[in-house]
Amino acid sequence: MTKFIAKRILLSLATLFVILFILFLLLQFMPGSPFNDEKLTAAQQAVLMAKYGLDKPFFIRFWIYLQNVVLRGDFGISYAIKKDMLVSGIVIARLGTSVRIGLQALLLGVSLGVLFGVISGSKRNTWMDSMATVAAVIGVSIPSYVLALVLSFVLGYKFRIFSITYQVDQPLWSSILPTIALSFFVMAQTTRFLRTELIEVLASDYVKLVDAKGVARPKVILRHGLRNAMISVITILGPLTVNLMTGSLVVERVYGIPGIGSLLVEGIQVNDYNVIIMIAFVYSALYIFVNLIVDILYGVIDPRIRVAKGG
Amino acid sequence: MDDRKERFNRVQLRDSKQQEMLVGSTTPFLKDAWRRFTKNKGALVGLVAIAVIFLFALIGPYINEHAYNVLDKIHINLPPRIPFLEKLGIFDGSEGNYNPYIEKGFTNDYFWFGTDVLGRDLWDRVWMGTRISFYIAMVAVGIDMVIGIGYGMVSGFFGGKVDMVMQRIVEILSGIPNLVVVTLFVLVLKPGMVSIILALMITGWISMSRVVRSQVLKMKEHEFILAAKTLGANSFVILFKELLPNIIGQIIVMTMFSIPNAIFYESFLAFIGLGLQPPLASLGVLIADGYRAMITHPHLVIFPTVVLSVLMLSFNLIADGLRDAFDPKMKGF
Amino acid sequence: MKENRILEVNHLDLSFRLGNEVNHVIRDISFHLNQGETLAIVGESGSGKSVTTKAILGMIDDNGFLGKGEILFRTSRTGKEDEIVDLTKKDKKYMQKYVRGSKIAIIFQDPMTSLDPTMTIGKQIMESMLEHKKVASKKEAMAKTIQLLDLVGIEQPEKRVRQYPHQLSGGMRQRVVIAIALACEPDVLIADEPTTALDVTIQSQILELIKDLQKKTGVSIIFITHDLGVVANVADRVAVMYAGKIVEEGLASEIYYDPRHPYTWGLLSSIPSLDGQDEEIYSIPGTPPNLIDPPKGDAFAYRSEYALEIDFEEQPPMFQISDTHFAASWLLHPSAPKVDMPLVLAKRIAAFNERRSQE
Amino acid sequence: MSANVLLEVKNLSQFFRIDRHTTIRAVDDVSFHINEGETFSVVGESGSGKSTLGRTLIRIYDAHSGSVTFMGREIGGKLSSDSRKFLRKNMQMIFQDPMASLNPRKKVLDAVAFGLDINHLSGDKNERLDKVVKVLKSVGLSEDHLTRYPHQFSGGQRQRIGVARALIMEPRFIICDEIISALDVSIQAQVINLMRRLQKEHGLTYMFIAHDLSMVRYLSDRVAVMHLGHIVEMGTVEDIYEHPLHPYTKSLLSAIPHPDPDAEKDRKRFVYIKGGVDYNIGTIRQLSDTHSILATDEEFSRWQQNDYSLFLK
Amino acid sequence: APAKEETEQVLRIAKDNDVSSLDTNVATDGLSFEVIKTFTEGLMEYDADGNIVPGVALDYEVSADGTVYTFNLRDDAKWSNGDPVTAADFVFSWRRLVDPALATEYSYMAEGIMIKNATAVIKGEKPLTELGVAALDATTFQVTLDAAVPYFIQLMTFPVFHPLNEAFVTAKGDAYAKSADALLSNGPWVVTEWTEGTKIRVEKNDTYWNADEISLDAIEFLIIKDYQTAALQFENGEVDMAKISADLVDRYKDEDFFETKKLGYTWYVAPNQLVAELQNENLRLALATSFDKSFITESILHDGSNVADYIVPIGLATGPDGKDFRDGAETFLSFDAAKALEYWNAAKAELGVETLTLELLVDDAADTKAVSEFLQTEWQTNLPGLTVTIQVQPKKNRLQLMRDGTYQLGLTRWGPDYADPFTYLGDLFQTGVNYNYGRFSDAEYDALVQSTAPGGALSTDAAARWAALHEAEAILLEQAGILPTWQSGEAMLVNPDVSGYEFHVVGQPSYRNVVKK
Ligand SMILES: Nc1ncnc2c1ncn2[C@@H]1O[C@H](COP(=O)(O)OP(=O)(O)OP(=O)(O)O)[C@@H](O)[C@H]1O
Ligand SMILES: Nc1ncnc2c1ncn2[C@@H]1O[C@H](COP(=O)(O)OP(=O)(O)OP(=O)(O)O)[C@@H](O)[C@H]1O
Ligand SMILES: [Mg+2]
Ligand SMILES: [Mg+2]
């Protein structure tokens with residue numbers, strides 16, 4: 001197992017390197033520069049570019065950046081969003097919030113999704129199934145910003161149950177609405193996937209055998225059905241988790257959450273290269289990390305894979 | 001019991017056709033799938049809904065006297081008002097306790113979905129927007145299918161090193177945040193339809209290619225593929241004549257799922273300001289614009305959202321229905 | 001129900017809804033299982049063997065429904081006297097609690113897919129013991145599981161209990177499935193083609209095992225297969241099924257040495273004889289009928305060279321040949337003309353009889 | 001005798017590399033020949049390498065090592081396009097699972113004509129149709145079936161379509177990979193009869209892969225017993241069934257169930273002890289012209305003295 | 001959560017963007033300056049009526065040629081660490097502003113007010129010490145300019161010219177101004193909390209010399225980017241002030257807490273004269289007069305913005321006569337569809353075309369998009385034969401394209417740096433000036449504007465200078481060098497309990513006199 005993980009980590013580092021390179025390259029093509037204030041003269045712009053070494057050739061810049069990142073863990077400074085501040089400071093300050101709310105949403109969404117998925121998958125073609133299916137489809141059909149605003153309008157404004165905006169001093173309480181808003185999609189996806197999988201698993205020979213053993217239905221569904229169905233549900237949860245953790249721009253915006261999703265968009269809008277790269281880097285690293293976790297989880301759930309991977 | 005002797009006469013074996021009663025129905029696969037599909041109420045509802053929406057997208061803008069791009073400096077920000085329904089107290093042109101139609105004396109005007117800040121008729125805009133959303137979805141999906149299917153088939157079929165390299169590429173592509181790639185794309189090219197479609201192309205096909213690849217991996221072990229090989233079929237023939245028709249069901253299902261994704265994605269781009277160039281407006285643009293005034297003029301966001309949601313809902317229902325219809329395990333149902 | 005019978009199926013009908021159509025899969029079927037015996041049900045694919053057993057366990061698919069008929073089962077709940085229950089009248093809850101696994105257990109055809117890939121085999125065996133409270137603790141369940149694995153001939157059972165299905169070979173998996181079935185010491189064991197997916201060597205081991213177990217535990221077995229060689233090996237009595245009906249039923253020796261139904265003749269003849277290499281093997285022409293619209297009269301008549309006119313008009317009743325031997329063929333009617341069974345079969349039976357008489 | 005050898009296989013091996021540590025030696029140094037017009041059967045337990053052998057012969061897989069001569073041509077190494085064509089035309093294969101071996105989305109007509117189409121042998125439309133109809137008739141199907149899909153047939157009919165598909169190439173040699181295992185008893189007989197009739201009519205040569213030993217006995221001329229990638233015993237039907245020498249062959253034979261309750265009651269079964277024999281150190285020994293066996297000196301002498309105590313239980 | 005029991009006066013303001021820096025020299029954006037102004041004080045400050053009044057300076061003297069300013073600093077001004085605010089602090093800060101090593105973006109302000117040697121220092125050609133600033137003693141600060149700058153004093157309120165405590169800044173090094181505890185205050189409040197992306201809180205500074213006059217105990221700037229969320233927060237009583245977008249005006253326009261105000265921004269369409277057709281004056285005039293500006297201000301924006309038939313906005317600058325620059329001034333290029341058509345026909349004849357297609361480049365903001373759609377229709381309706389396409393780009397891109405001159409028509413705006421018409425007429429439209437996107441060029445205009453520039457012929461004659469500026473504006477607009485469109489307004493929700501909020505068309509709002517009941 002350790003060998004497998006070590007191998008994967010090495011591979012991941014290589015992938016990250018390539019991603020970093022591609023990002024760097026992409027930003028090269030981005031029109032404009034971070035010093036693009038309407039009042040700035042061309043000469044001043046050139047001075048600023050020189051100050052931050054942005055006038056150097058592409059490969060040299062990449063090489064310097066790489067050295068800074070690898071040797072010093074220095075992701076550079078922000079050019080525009082938080083002038084001259086260390087990007088790592090800004091991103092890390094926000095990452096925690098994004099990750100936490102993302103995970104909260106994941107937890108809520110997956111719990112509800114599993115509940116609905118199990119209900120509709122095991123009580124197929126009943127009204128409960130129809131309800132859950134419709135809920136799930138609606139869940140993936142309404143744009144999240146509309147949903148977010150409706151939630152804050154109704155629950156935060158009309159009934160004043162929850163805080164409309166995120167409050168740093170009440171991190172849990174004030175993140176309830178965004179958590180709900182974010183969890184909707186996860187819930188819907190989980191429900192749908194789980195339902196399909198569960199129907200398939202419940203029709204499988206081994207579940208029939210468990211049935212024939214006289215095991216009570218709930219146990220059949222939970223112990224055997226759900227477990228096996230989750231194997232493929234986890235596949236979709238992987239990338240979803242990363243998206244959640246790196247924050248949804250939309251939800252962050254509506255609830256005023258200081259997360260990295262909105263920071264990324266802002267970074268792109270103002271060409272704040274280092275911010276973009278670090279967030280993208282964090283995203284990629286998370287993506288790869290989560291996929292690693294998913295693979296390990298597979299192994300936990302599905303012993304066949306454990307052996308195949310030579311653990 | 002009737003014991004007549006002659007009933008016990010031996011009978012010559014009937015002709016062989018009668019013995020060989022064919023099992024299964026005689027309908028070909030697609031017809032069969034269609035039959036199963038039509039049994040699925042949800043899917044049918046979805047299909048009908050899409051047909052209706054499509055119809056409205058075609059004729060909607062022409063069935064009232066307004067137009068989607070004509071400004072009306074007087075009739076701005078009007079809530080919906082629909083004849084007959086207004087008598088029931090709904091869609092009577094009031095917004096809260098205020099009825100601009102009455103207050104401003106537009107008593108003979110009916111804007112079914114209301115108007116926007118430029119006085120454009122929302123009914124027309126919604127259906128024009130639907131048209132564009134359909135268009136985007138179709139084009140994007142079309143291209144996505146070509147790339148996704150091609151990529152997935154090659155990767156899955158040739159396996160080995162080819163597969164490894166191709167999967168690494170996919171991993172890298174999906175490791176880069178979509179938003180970065182897409183925004184850069186839209187920024188480098190001019191924002192607009194083409195960029196949006198190209199942007200969708202960059203990563204939109206990945207899930208399709210995954211599905212296709214796994215299907216191909218599953219299928220290629222089937223004996224009929226081996227059989228084709230023993231008959232001398234080359235890779236091209238095997239991929240397109242043997243494999244493709246057999247995974248088409250999965251592909252169609254996947255396509256149905258990626259249509260809402262494309263529509264959704266476009267609306268997301270609209271939200272962050274990377275959408276279409278005005279006065280073109282897709283549903284996504286309408287919602288994004290309407291969103292900003294949601295607590296003031298909710299009709300601006302409600303109508304496009306409802307249409308979008310119904311559209312997505314329908315595509316999703318159809319996708320679900322198709323998945324069941326194409327699933328051989330569901331055979332006979 | 002007679003004293004020595006543990007299970008009796010009487011005039012059972014079972015159909016599946018297929019869209020607008022109804023597939024009459026089991027048509028007025030009756031048979032019984034005696035205490036401690038092995039009843040083999042043979043018949044070609046699709047004749048309804050599996051469905052019948054599923055009906056006994058109350059496990060027919062959602063689109064299936066029972067028509068008339070009853071399934072009588074002699075059962076005892078701990079401490080009480082034997083009672084006879086009609087399983088068709090019992091709800092799922094009852095079946096789950098008091099029948100499935102605990103009183104009637106089943107072994108499925110395919111060992112590769114019958115085990116949950118994500119659970120150790122030990123847990124899968126223990127599951128039903130714990131569910132039916134046959135053991136007091138997990139520890140006891142584990143001990144018993146190891147015993148069971150030993151019983152079904154798996155070496156190093158202590159090690160195996162912690163393994164997952166994919167770590168076992170096909171033969172071993174089938175043994176595990178058998179161990180699962182035996183976990184609660186059921187009264188009836190249904191083996192639905194337990195060896196079809198295995199190769200000959202392993203098949204013979206599994207067959208030995210099942211027979212051995214029966215000797216040890218006295219369990220009554222319904223053995224389903226289409227392999228007449230296997231049937232000869234395991235069965236006390238044989239029921240031949242065709243198109244949802246039992247067409248012939250009798251002691252194994254009666255079926256093999258004195259078959260009466262043309263379908264049974266066909267089946268027996270289509271096994272290649274050991275010497276006659278040059279002749280064609282006898283084969284039953286055609287395919288089984290479509291039960292959505294079952295033919296009138298004898299469903300086999302369309303494929304039978306012995307068909308009588310009446311076969312196309314009326315279903316034959318069960319004619320009794322001996323105390324234990326019945327067949328549903330108009331050929332057994334007194335008015336029917338005399339016909340001879342296929343020559344190959346006649347020859348083979350003659351050879352059998354000769355050998356028997358020698359012994 | 002060598003004049004009518006159709007296929008000659010020498011030291012053929014086929015390995016599958018799973019990862020750095022494991023390589024499956026699916027076919028391991030196998031040599032045999034098949035005579036024109038005969039039925040050569042390969043039997044053995046599941047996983048013994050029978051299918052791999054067949055697939056390697058027909059070049060679904062490229063052999064790891066060894067040579068294969070077919071109708072006087074070497075077809076073992078790299079194939080010229082000419083040889084490839086020759087091979088496709090003269091050697092065909094029929095598969096185990098009649099459903100899985102037919103493309104479910106193809107009508108019978110196209111499925112059967114596939115080989116013609118691919119190799120551009122179909123000629124015009126009518127010619128193609130004629131050929132298909134002719135071959136369908138010869139396997140007992142009719143024109144009515146042309147436009148149907150595989151799922152609309154019964155298992156036996158499907159297998160016949162598979163046969164027709166191979167037959168339309170007018171091959172000399174057909175590899176039948178467990179073509180009846182998935183079929184019902186009654187249907188098995190139909191297919192076997194068909195195969196035998198075709199053999200007679202067209203002078204075909206078969207390599208018949210199976211594990212149903214009674215069927216093998218019925219239709220084979222010569223039999224090879226495979227185990228763990230090796231041919232452990234090979235001979236005429238009579239050699240193998242009446243005078244088996246290898247303990248593995250004996251255990252196989254003892255496992256065949258007979259449709260005879262009395263006989264079955266007091267059968268004695270042998271169980272072959274796994275690992276009892278290391279095939280890699282044995283060599284092929286000729287018992288007679290036709291009968292050969294893989295054994296070491298010691299094993300050979302023990303078996304000849306009927307001492308199987310180390311190998312069977 | 002229920003509203004908290006308030007014992008202290010805390011003003012909560014919803015802000016639609018975040019600060020980019022709290023370093024006085026480095027900051028560039030409005031909010032940053034606004035926050036900086038709460039905890040620093042410059043030489044001069046605005047009072048409630050918009051008059052320039054002394055801040056850290058007690059008074060100042062100016063030399064006769066207007067090039068040497070000598071400020072006398074008050075001796076009770078203190079930093080929040082107890083140090084006195086001295087002339088050296090100004091010298092340090094100003095030198096830091098032009099330090100090429102720091103390369104601040106706003107160093108151009110030092111050039112703009114013509115501090116002696118500023119340009120050379122910025123370029124690194126002269127040492128920092130050569131900059132024309134000096135601390136004559138602890139409380140006397142002297143600035144030497146290259147020429148008289150009429151608006152010099154007024155710019156002393158601008159945060160980049162505020163003092164810095166050298167000892168503190170050097171001690172903090174790179175960390176300076178990167179967090180709440182790396183900031184020093186000499187203003188009414190002191191930064192106590194700065195949470196990334198969420199909130200900045202300033203609390204009353206007891207060491208401030210004028211602390212007694214300050215009534216607010218704290219101000220919280222809450223970053224809420226979504227206007228609707230901010231508005232709902234306002235309605236819930238969670239914030240006291242919130243800017244709202246045009247879309248929300250309808251909901252609040254009749255409420256007593258709804259306010260609008262005029263900003264100093266003028267929006268205009270810059271026709272790019274590198275495009276051959278747009279060199280045609282009639283075409284530009286046709287474009288300029290063919291759209292109903294009032295619809296934009298009344299219906300699309302309705303946030304207090306004004307129809308702009310001018311370029312120098314209302315309320316920007318007060319002339320020598322004590323009147324606003326616009327007061328009684330001419331208007332140009334008013335909407336007149338009939339006239340526009342005449343221009344159009346003339347243009348078509350001159351260009352020899354019947355139809356024409358032009359592209360309008362706009363920001364991706366909601367308002368500008370709506371306006372562009374309006375412009376498009378108006379132009380197309382009122383000027384038959386004209387087709388207008390719209391290109392929407394993020395602001396940075398739009399600016400880049402306009403700067404590069406690779407556009408046709410561009411909707412843009414200008415925000416004044418100081419309260420003088422020169423900030424528009426001088427900085428924007430002279431030949432060859434950076435921000436002259438449309439490449440407007442007119443010799444007469446250049447000459448006039450030059451004469452009003454610092455050190456120009458009229459730089460000391462206020463009345464003549466004013467007249468010249470009026471004349472220049474007329475030249476620019478009569479040939480439709482640009483197409484003025486509207487002067488920005490801003491709609492806000494303000495808690496009626498809050499009073500004393502001071503807003504300035506140029507410069508930052510002030511909370512010094514705010515009282516919350
Ligand atoms: N859920 C179902 N819906 C419809 N028809 C069904 C269903 N289950 C079984 N059948 C049909 O019932 C008939 C009997 O099936 P069954 O599985 O009992 O056959 P079998 O005798 O066990 O065959 P095999 O030897 O192939 O296992 C078949 O024709 C089958 O198609
Ligand atoms: N493509 C492959 N890759 C890796 N291993 C393979 C491959 N094909 C076959 N094998 C392995 O080679 C061995 C021989 O397989 P083969 O299919 O030839 O056996 P078989 O005798 O035909 O068995 P069966 O009777 O089950 O069909 C097995 O261990 C199998 O797992
Ligand atoms: Mg069955
Ligand atoms: Mg095989």
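Protein chains get the first letters and strands the later ones, always in sequence-line order, with residue 1 at the start of each.
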Looking only at E/K199, E/E235, E/K123, most heavy-atom pairs under 4.5 Å shared with chain A are made by E/E235
Chain A shares the most heavy-atom pairs under 4.5 Å, among E/T28, E/D23, E/I224, with E/T28
Okay, A/A148 and chain E: the region with an atom under 4.5 Å from a heavy atom over there is neither
Are A/R61 and A/Q28 close enough that a side-chain donor and a side-chain acceptor fall under 3.5 Å?
yes
If one checks every heavy atom of A/L149 against chain E at 4.5 Å, the contacting part turns out to be side chain
Exercise for the section: Report the relative orientation of the aromatic rings in E/Y268 and E/F429; use parallel for angles under 30°, tilted for 30 to 60°, perpendicular for over 60°. Expected result: perpendicular
So, the part of A/L48 with a heavy atom under 4.5 Å from chain E: the answer is side chain
Applying a strict 4.5 Å limit to non-hydrogen atoms, the region of E/R398 in contact with chain A is neither
Angle between ring planes, A/F153 versus A/Y157, binned at 30° and 60°: parallel, tilted or perpendicular? tilted
When the 4.5 angstrom heavy-atom criterion is applied to E/V433 and chain A, the contacting part is neither
Between A/F24 and A/F62, how do the two ring planes meet: parallel, tilted or perpendicular, split at 30° and 60°? perpendicular
Okay, E/A101 and chain A: the region with an atom under 4.5 Å from a heavy atom over there is backbone
Cut-off 4.5 Å, heavy atoms of chain A, and the answer for E/T195 is side chain
Using modelled atom types only, decide if a donor and an acceptor are shared between the side chain of A/D272 and the backbone of A/S78 within a distance under 3.5 Å. no
**Request:** Specify whether E/F422 and E/Y151 have parallel, tilted or perpendicular ring planes, treating 30° as the upper limit for parallel and 60° as the lower limit for perpendicular.
**Result:** parallel
When the 4.5 angstrom heavy-atom criterion is applied to A/K83 and chain E, the contacting part is both
Between the side chains of A/Q167 and A/S175, is a donor N or O closer than 3.5 angstrom to an acceptor N or O? no
